[in-house]
Protein chains: 2
Amino acid sequence: MVRQREFDVDQALEDAMHIFWSKGYEATSLSDLTAGMGIQRPSIYSAFGDKKELFEAALRKYTAAHAAQARSVLLHGESVKEAFKRYFEGIVEESYADPQNRGCFCINTMVEMAPHDEKFEILTREHEMYLAAIFQEAIERGLRSGELHTGVDAKSLAQTLVVSLIGLTVMMKARPERSFVDHSVEVILTLIQ
Amino acid sequence: MVRQREFDVDQALEDAMHIFWSKGYEATSLSDLTAGMGIQRPSIYSAFGDKKELFEAALRKYTAAHAAQARSVLLHGESVKEAFKRYFEGIVEESYADPQNRGCFCINTMVEMAPHDEKFEILTREHEMYLAAIFQEAIERGLRSGELHTGVDAKSLAQTLVVSLIGLTVMMKARPERSFVDHSVEVILTLIQ
DNA sequence: ATCATTGTGTACCGATTGGTATGTTATGAT
DNA sequence: ATCATAACATACCAATCGGTACACAATGAT
């Protein structure tokens, strides 16, 4: 081979992910990216393709990590109720602790890109579907163990919890009083019985 | 006075609202606006100020109409449960019928602008709070009439319904199967007892 | 009829956009 | 040591961005 790369591709992608996450696609310029990633434009184009391909790679990296975190919280431990409580409250905590108030990269993309770009409509929808599948698996575990005995079917309940989580995440971007969010989490969790 | 305006200011603002609603702030150019509003740039600047001021005026027009619609559906008629059902299902219907898939202008703005612009953080938060107040009023009406006897307090329930509605609206931007959304609405409405 | 005032259309401004051509430097195979 | 290859930095490209200067047209008061 020939001259080797002087930058870490995965680290650069991680940097790009944080920039796109906090500013969105349109508001992020190539100059923002070169500055934040610490590399020049031709390096970006040779390693990742154009701006939109880089964005897609960054989003895929995010959703993979995000789904892994959901799995690790919801598919382990004894109590399913406790797991959901920890998961929802963890997301609330993270959101209020983020000074940049970025919310969820996937949700941001759903709002900004999905209506105009089918690729991102599909990509974001499939991530939320996967999240719903994880939720459903956790609920069914609770049903089998006898911890839960819910009236509605596990799938509908899981989807509703995903919807509620999306709503919480978006609402927190407007920085409502903490009690607003905390009370909502309490009420949402009453769905899991 | 002197020469009079040749365009209808309110109609131009309505046009601008639809453009910003479907494309967002960053992705909308002055050329998009002049083309869609049917007037030239200097006319925009003299009538509305700069791009961001026009955006704010458009958003205020939207939220006023949006809140009025919520009031008209939720604060009249006999059954509160039926009113919420009609309200939620109406929003689902509207969303799936919109070929542009614009969702809610206020929610779009919450995601795109609120984290970076305090003015829009406040503006969007206050609209959602106002919506929650309308919801709460409807719930309290149902409690007084004896139609409802909910375990949780009306305020928390109202806030949770707002959160759920935001989640639904955002989720629909990724065009999930209709049954996903319909089942979620059913489950969400079970909170109102 | 004249004049001050203000809306309209054109044409332009500097700055920034996403993207690339180019010359140079580093590397491994031969 | 030579050479093909590819990453590097610089400098550039046309196009578009938000915003405005300016000349002209229309209006009502005098």
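This structure is a prediction, so every number in the text was calculated from the model and none was measured. Below, chains carry the letters A, B, ... as their sequence lines are ordered, and counting in each starts from 1.
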Grab the [atom1]-[atom2] distance between [X] and [N] for me, whole Å please.
{"X": "A:Q40", "N": "C:dT20", "atom1": "CD", "atom2": "C1'", "value": "14 Å"}
{"X": "A:L30", "N": "D:dC17", "atom1": "CG", "atom2": "P", "value": "16 Å"}
{"X": "B:F48", "N": "C:dT8", "atom1": "CZ", "atom2": "P", "value": "11 Å"}
{"X": "B:E53", "N": "D:dG19", "atom1": "CD", "atom2": "C1'", "value": "13 Å"}
{"X": "B:F7", "N": "C:dT8", "atom1": "CZ", "atom2": "C1'", "value": "10 Å"}
{"X": "B:L33", "N": "D:dT16", "atom1": "CG", "atom2": "C1'", "value": "14 Å"}
{"X": "A:R5", "N": "D:dT5", "atom1": "CZ", "atom2": "P", "value": "18 Å"}
{"X": "B:I39", "N": "C:dT10", "atom1": "CD1", "atom2": "P", "value": "14 Å"}

Please determine whether a side-chain nitrogen or oxygen atom of [X] lies at a distance below 4.0 Å from atom OP1 or OP2 of [N].
{"X": "A:S29", "N": "C:dT16", "result": "no"}
{"X": "B:S43", "N": "C:dT8", "result": "yes"}
{"X": "A:Q4", "N": "D:dC8", "result": "no"}
{"X": "A:S46", "N": "D:dA6", "result": "no"}
{"X": "A:S31", "N": "C:dT17", "result": "yes"}

Between [Y] and [X], is there a salt bridge with N-O shorter than 4.0 Å?
{"X": "A:E56", "Y": "A:K52", "answer": "no"}
{"X": "A:E82", "Y": "A:R86", "answer": "no"}
{"X": "B:R141", "Y": "B:E137", "answer": "no"}

So which one's nearest nucleotide on DNA chain D is more toward 5', B:K51 or B:P42?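 The answer here is B:K51.
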
Is there a donor and acceptor pair, one atom on the side chain of B:R3 and one on the base of D:dA25, closer than 3.5 Å?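 Answer is yes: a donor-acceptor pair is held.
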
Side-chain donor or acceptor of A:R41 under 3.5 Å from a matching atom on the base of C:dG19?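 Side chain to base: pair found, below 3.5 Å.
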
Without hydrogens or angle criteria, can the side chains of B:S95 and B:D98 be said to hold a donor-acceptor pair below 3.5 Å?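 There is no such pair (donor and acceptor under 3.5 Å, judged by atom type) between the side chains of B:S95 and B:D98.
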
What contact category does A:T28 fall into here, base, sugar-phosphate, or nothing, at under 4.0 angstrom with non-hydrogen atoms?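 Sugar-phosphate contact only - A:T28 comes under 4.0 Å of backbone atoms but never of a base.
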
What's the verdict on ring-ring contact (aromatic ring centres under 6.0 Å, His included) for A:F55 and A:F105, showing C-alpha distance, side-chain angles and the deciding distance? CA-CA 11 Å; A:F55 183 86; A:F105 186 16; 5.4 Å; yes

